[in-house]
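Written below as structure tokens is the structure these notes are about.
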Amino acid sequence: MQRIFSGIQPTGVPHLGNYLGAVRNWVALQKNHDCLYCVVDLHAITAAHDHRTLAAQTRDLAASLIACGIDPEKHILFNQSAVHAHVRLGWIFTCVARMGWLNRMTQFKDKAGKDRENVSTGLFTYPNLMAADILAYHATRVPVGDDQKQHIELANDIRAKFNHDFETDFFPEIEPLILGPAARVMSLRDGAKKMSKSDASDQSRINLTDDAETIALKIKRAKTDAEPLPSEPAGLEARPEARNLVGIYAALQDTDHTGVLREHGGKGFGAFKDSLAALVVEKLAPIASETRRLLGDPGHVDAILRDGAARAAAIADPIVTEAERLVGFLRP
Ligand code: TYM
């Protein structure tokens with residue numbers, strides 16, 4: 001069976017983009033794969049973070065993933081910093097990856113912006129650790145949103161160079177799984193920007209913890225154009241806001257753009273937004289209440305993560321030890 005690995009950062013509350021672009025697919029893939037899902041707290045400290053809240057945010061996110069349907073018994077759910085193999089292999093990959101490769105990463109350019117001299121060196125080498133996350137388990141399939149595609153390509157470059165330099169075929173090729181009609185959910189305020197935890201405006205995103213009223217209001221205020229919905233997907237071209245809302249609807253309904261437009265084509269946005277808000281609330285409300293229930297017993301969530309980390313380490317430790325041997329380290 002092919003092994004799946006994916007991760008999510010505990011920086012702020014997860015939003016509808018995380019859910020539709022990633023977590024929902026993680027849940028579905030559990031049916032016929034061995035899966036590891038990781039709250040990547042090591043990645044979370046590459047940007048400024050609050051050391052007083054990181055642990056709680058890590059636990060909250062784990063609870064939210066379980067509430068979404070991640071099964072921590074049949075599969076493995078853990079936080080990254082608890083499994084040292086990530087850092088061990090991450091260092092090796094930092095010495096395999098080339099400056100030129102990392103210089104091409106668009107996410108680094110976006111996040112660093114004009115402040116390049118002042119960001120942490122960890123933000124620059126971030127993709128090396130991400131490659132280590134996946135390859136420490138010999139995982140071959142990685143379900144992610146569209147924004148992570150370039151990082152997966154880099155991980156494949158790193159594994160190819162490792163294999164070449166150390167005369168081995170030890171690390172397998174990784175296949176990104178970018179699935180469904182909402183692999184890139186856009187901001188509700190600007191159809192050209194992706195929905196993001198770091199957007200200054202909370203109106204730009206739907207958080208998995210938002211209540212029904214807040215969700216309805218955010219969708220009502222979402223930016224749109226003045227035309228009614230088209231009856232065919234071709235009519236969504238050059239209408240990014242309309243395309244985004246239709247994509248969200250399609251993902252939540254388990255259909256595609258065509259299916260949504262068959263039902264709603266010709267309607268104005270007022271009516272469509274009412275249906276969309278009802279659908280989002282119907283799908284998210286049970287997740288929010290289950291998350292709250294789980295967090296009523298934080299010790300239980302911590303025990304799940306501890307058990308996950310032990311099972312993850314049991315897989316990763318021998319793989320990373322072998323990678324260290326291939327690099328040439330003495331193990332006296
Ligand atoms: P992160 O925490 O930014 O996002 C978690 C997942 O959500 C997806 N995503 C989106 N999908 C659709 N539309 C959006 N607007 C949107 N925003 C986020 C992301 O693509 C991601 O799948 N670098 C990763 C975490 C990571 C990782 C890994 C992923 C660390 N190591 C190893 C896979 C494998 C990140 O920052 O995700």
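Numbering of ligands and ligand atoms starts at 1, following listing order.
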Tell me whether ligand 1 is touched by Q107 - counting only heavy atoms on the residue side and a distance under 4.0 Å. no
For A22, the ligand 1 atoms whose distance to one of its heavy atoms is below 4.0 Å: 6 (C), 7 (O), 22 (O)
Identify whether the distance between the nearest side-chain nitrogen and carboxylate oxygen of K194 and D146 falls below 4.0 Å. no
Determine whether the side chains of R292 and T209 contain a donor N or O and an acceptor N or O closer than 3.5 Å. no
Can you find a side-chain donor-acceptor pair between K267 and H264 that sits under 3.5 Å? yes
Examine I134 against ligand 1 and note whether any of their N/O atoms are separated by less than 3.5 Å. no
Any atoms of ligand 1 less than 4.0 Å from a non-hydrogen atom of G21? List them with their elements. 11 (N), 12 (C)
Against heavy atoms of M195, which atoms of ligand 1 measure under 4.0 Å? 14 (C), 15 (N), 17 (N)
Answer side chain, backbone, both or neither: which part of V144 comes under 4.0 Å from ligand 1, heavy atoms only. both
Polar contacts were defined as any N/O atom of the residue lying under 3.5 Å from an N/O atom of the ligand; does this apply to Q148 and ligand 1? yes
Identify the protein heavy atom lying closest to atom 13 (N) of ligand 1, giving its residue, its atom name and the separation to 0.1 Å. V185 N, 2.8 Å
Side chain to side chain contact (heavy atoms under 4.5 Å, CB included) against H138, all qualifying residues, sequence neighbours excluded: F170, F171, P172, I319
Testing the 3.5 Å rule here: is there a donor-acceptor pair between the side chains of N79 and T58? no
Can you report which non-hydrogen protein atom sits closest to atom 23 (N) of ligand 1, along with the distance? Y126 OH, 2.6 Å
Considering the options L129, I134, V40, which one meets the side chain to side chain contact (heavy atoms under 4.5 Å, CB included) requirement together with H86? L129
Nearest non-hydrogen protein atom to atom 31 (N) of ligand 1, with distance, is D133 OD2, 2.6 Å
Counting from 1 in the order shown, the ligand 1 atoms closer than 4.0 Å to a non-hydrogen atom of K197 are 2 (O)
Are any side-chain N or O atoms of D71 and backbone N or O atoms of K74, one a donor and one an acceptor, separated by less than 3.5 Å? yes
Within the 4.0 Å heavy-atom shell around A183, which atoms of ligand 1 are there? 11 (N), 12 (C), 13 (N)
To the nearest 0.1 Å, how far is atom 2 (O) of ligand 1 from its closest protein heavy atom, and which atom is that? Q9 N, 2.8 Å
Enumerate the atoms of ligand 1 whose separation from the nearest heavy atom of V142 is less than 4.0 angstrom. 33 (C), 34 (C)
Taking 4.0 angstrom as the limit, do K223 and D190 come out as a salt bridge? no
Sub-3.5 Å donor-acceptor pair from the side chain of R184 to the main-chain atoms of A182, do we have one? no
Considering only NZ, NE, NH1 and NH2 on the basic side and carboxylate oxygens on the acidic side, decide whether R239 and E227 come within less than 4.0 Å. no
For T140 and E175, does a side-chain donor sit closer than 3.5 Å to a side-chain acceptor? no
Atom 25 (C) of ligand 1: nearest protein contact (heavy atom, Å): G7 O, 3.5 Å
Would S6 count as a polar contact of ligand 1, with the cut-off being nitrogen or oxygen pairs under 3.5 Å? no
Heavy atom of H15 under 4.0 Å from ligand 1? yes
Atom 28 (C) of ligand 1: nearest protein contact (heavy atom, Å): M130 CG, 3.4 Å
Are any of the N/O atoms in I152 less than 3.5 Å from those in ligand 1? no
Using a 3.5 Å cut-off on N or O atoms only, is F5 in polar contact with ligand 1? no
Shortest protein contact, atom 9 (N) of ligand 1 (heavy atom only): N18 ND2, 3.7 Å
Just checking, any donor-acceptor pair under 3.5 angstrom between side chains of D169 and N163? no
How close does the nearest protein non-hydrogen atom get to atom 22 (O) of ligand 1, and which residue and atom is it? G145 N, 3.1 Å
Taking only Lys NZ, Arg NE, NH1 and NH2, and the carboxylate oxygens of Asp or Glu, determine whether R311 and D307 approach each other closer than 4.0 Å. yes
